[in-house]
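Heads up: numbering here begins at 1 and tracks the sequence.
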Amino acid sequence: FILIQGRAGIGKTTLVNYLSFAWAQGDLLQQFEWVFTLRMRDLPNSQEHRNLPLWKWIFNEYFYEAMSESIFENLWREKIEPKLHTKVLF
């Protein structure tokens, strides 16, 4: 995990967007197979979502229009979760 914090307007979002784009282009962070950008302000904070699994949060933020929840869950379990501690960057 990389946590970037700072006052408003300092460029946190710009930096994260740059790092994600550079990874996607093959220019930076190539030791990671998966890169996800998650904003803490988007963290589900209601009581009913407090125990929401990480994969479901990522699905709801980025993949809900691209594929079904069950397909993403299978992708997560088979391809992403086994590499969570070594090849995934949040």
Contacts of F32 that satisfy side chain to side chain contact (heavy atoms under 4.5 Å, CB included) - sequence neighbours left out: W23, L29, V35, L89
Greater than 12 external heavy atoms within 6.0 Å of Y62's OH: yes
CD/Q5: more than 12 non-hydrogen atoms of other groups inside 6.0 Å: no
side-chain contact (heavy atoms from CB on, under 4.5 Å) assessment of I58 paired with I80: CA-CA 12 Å; I58 292 171; I80 302 170; over 6 Å; no
Sidechain-backbone polar pair: K12 side chain, G6 backbone, donor-acceptor under 3.5 Å: yes
Under 3.5 Å donor-acceptor, Q30 side chain and L28 backbone: yes
Geometric class of the W34/F36 ring pair [parallel <30°, tilted 30-60°, perpendicular >60°]: parallel
Heavy-atom side-chain proximity of L75 to F59 below 4.5 angstrom: no
Side-chain touch T13/I4, heavy atoms, less than 4.5 angstrom: no
Which atom of R77 lies closest to which atom of P82, heavy atoms considered: O-CD, 3.4 Å
Considering all heavy atoms, the nearest W55-F72 contact: O-CE2, 3.2 Å
How long is the straight-line distance from [atom2] of [Y] back to [atom1] of [X], given to the nearest 0.5 Å?
X	Y	atom1	atom2	answer
L38	W57	CG	CH2	4.5 Å
M67	N74	CE	CG	10.5 Å
L19	T37	CG	OG1	10.5 Å

Same apolar cluster (I L V M F W Y, side chains within < 4.5 Å links), F21/V16: no
Salt-bridge contact E69-K56 (side-chain N to carboxylate O under 4.0 Å): yes
